[in-house]
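Data first, discussion second: the structure below is written as structure tokens.
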Amino acid sequence: MHFDCLVVDDEEALGRSVCEYFNLFEVKTEWVPGSKECTAFLKGNTTDLILLDVNLDGESGFNLCKELREKSDLPILFISARSSDDDVLLGLGLGGDDYIAKPFSLNVLLAKTQALLRRYRRDGADNAPDSESCSFGRYTLNQARMCLEEGDKEIELKSMEYKLLAYLAQNKNRTVPKNELFRRVWGASVTSDATLNVHIHRLREKIEDDPNNPRYIKTMWGVGYRLEAPDA
């Protein structure tokens, strides 16, 4: 069976209330309490997105995220009472796509979930380059294969990394404000700077010779980011 969203949280009351609320808005949602149940669920079902608590009963949501990322690139939104910068950065660094701190309102959680679903579904991915390929420097973004190529070499990118780089490349040599990236890449008018910063950092590690002195992805302080396209 296919679901729009799977909630992994050891708080049963919260998990069931999220399911009830989301299903009212036709976001088909199921709940499981922990890692083992999540693994069993995914063997017999599919989902487009996972809402994942960090503190599961005797388990770590961070570890589950790491395991999921070895097999799948589906979006993961952390929901947690742990809201320190270190926890947020760790969650995003392990492959999470966004992070929302408890307590949260269900309407805000629904809005973030719907935004992620729109961005990850093929018919909603309007941020890819208009042509089949888009080049900058020695790199080519291959839209048909949703990958980054450097000559004959393929560089692995997560889905959100690809979408962010594709949007910057589509707007190369233009400073793109952060709010525009939040809206066009994440599909939300507001998300955290930490989420964007972590994804920029990951991209720089993959395409820059010196990530601390980037040639391509430039920070425009107080505004946003700019992908510069010098000659290869």
Treat each ILVMFWY residue as a node, draw an edge where side-chain heavy atoms are under 4.5 Å apart, and state whether V185 and M220 are in one component.
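Cluster IDs for V185 and M220 differ.
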
Using the rule that Ile, Leu, Val, Met, Phe, Trp and Tyr join whenever any side-chain heavy atoms are under 4.5 Å apart, tell me whether V108 and V7 fall into a single cluster.
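As far as the 4.5 Å side-chain criterion goes, V7 and V108 are connected within one cluster.
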
Go through the steps for K158 and D97 under the test salt bridge (Lys or Arg N to Asp or Glu O under 4.0 Å), then give the verdict.
CA-CA 10 Å; K158 303 295 185 183; D97 296 280; over 6 Å; no

Note, [X] side chain near [Y] side chain (heavy atom, < 4.5 Å):
{"X": "M160", "Y": "L116", "value": "yes"}
{"X": "L141", "Y": "Q170", "value": "no"}
{"X": "L117", "Y": "V27", "value": "yes"}
{"X": "N63", "Y": "L94", "value": "no"}
{"X": "T195", "Y": "F182", "value": "no"}

D193 bridged to K178 by N-O distance under 4.0 Å
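Looking at D193 and K178, the cut-off is met.
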
A quick test of your reading: do over 12 heavy atoms of other residues, nucleotides or ligands sit less than 6.0 Å from [atom1] of [X]?
{"X": "K28", "atom1": "NZ", "answer": "yes"}
{"X": "E26", "atom1": "CD", "answer": "no"}
{"X": "E20", "atom1": "CD", "answer": "no"}

Testing the basics here: between [X] and [Y], what is the closest heavy-atom pair and its distance to 0.1 Å?
{"X": "L106", "Y": "F22", "value": "O-CE1, 4.3 Å"}
{"X": "Y162", "Y": "C147", "value": "CE1-N, 3.6 Å"}
{"X": "L56", "Y": "D10", "value": "C-OD2, 3.3 Å"}
{"X": "T47", "Y": "L6", "value": "OG1-N, 3.4 Å"}
{"X": "L74", "Y": "D48", "value": "CB-O, 4.2 Å"}

Could you list the donor-acceptor pairs under 3.5 angstrom formed by side chains in residues 30-42, with sequence neighbours left out?
from : atom 1 : to  : atom 2 : distance (Å)
W31  : NE1    : D9  : O      : 2.7
E37  : OE1    : G34 : N      : 3.3
T39  : OG1    : S35 : O      : 3.1

According to the interplanar angle, ranging from 0 to 90°, do the rings of F62 and F78 count as parallel (below 30°), tilted (30 to 60°) or perpendicular (above 60°)?
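Answer is perpendicular, since the angle exceeds 60°.
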
In Å, rounded to the nearest 0.5 Å, how long is the span from [atom1] of [X] to [atom2] of [Y]?
{"X": "I155", "Y": "E150", "atom1": "CD1", "atom2": "CD", "value": "5.0 Å"}
{"X": "H199", "Y": "D98", "atom1": "NE2", "atom2": "CG", "value": "8.5 Å"}
{"X": "N55", "Y": "I79", "atom1": "CG", "atom2": "CD1", "value": "11.5 Å"}

Tell me if a side-chain donor or acceptor on R215 pairs with a main-chain N or O of D209 at a distance below 3.5 Å.
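Not at all, since once roles are kept as given, no pair shorter than 3.5 Å links the two residues.
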
Polar contact flag, side-chain donor to acceptor under 3.5 angstrom, N197-Y225
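Indeed, the side chains of N197 and Y225 share at least one donor-acceptor pair under 3.5 Å.
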
Could you give me the CA-CA distance, side-chain angles and deciding distance for L165 and Y216, then say whether side chain to side chain contact (heavy atoms under 4.5 Å, CB included) is met?
CA-CA 11 Å; L165 184 58; Y216 297 108; over 6 Å; no

Can you sort out the partners of R226 under salt bridge (charged side-chain N to carboxylate O under 4.0 Å, His left out), two or more places apart, ordered by chain and number?
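Per chain and number, R226 pairs via salt bridge (charged side-chain N to carboxylate O under 4.0 Å, His left out) with E228.
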
Under the rule for salt bridge (charged side-chain N to carboxylate O under 4.0 Å, His left out), what residues qualify as partners of D86, not counting sequence neighbours?
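Expected list: none.
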
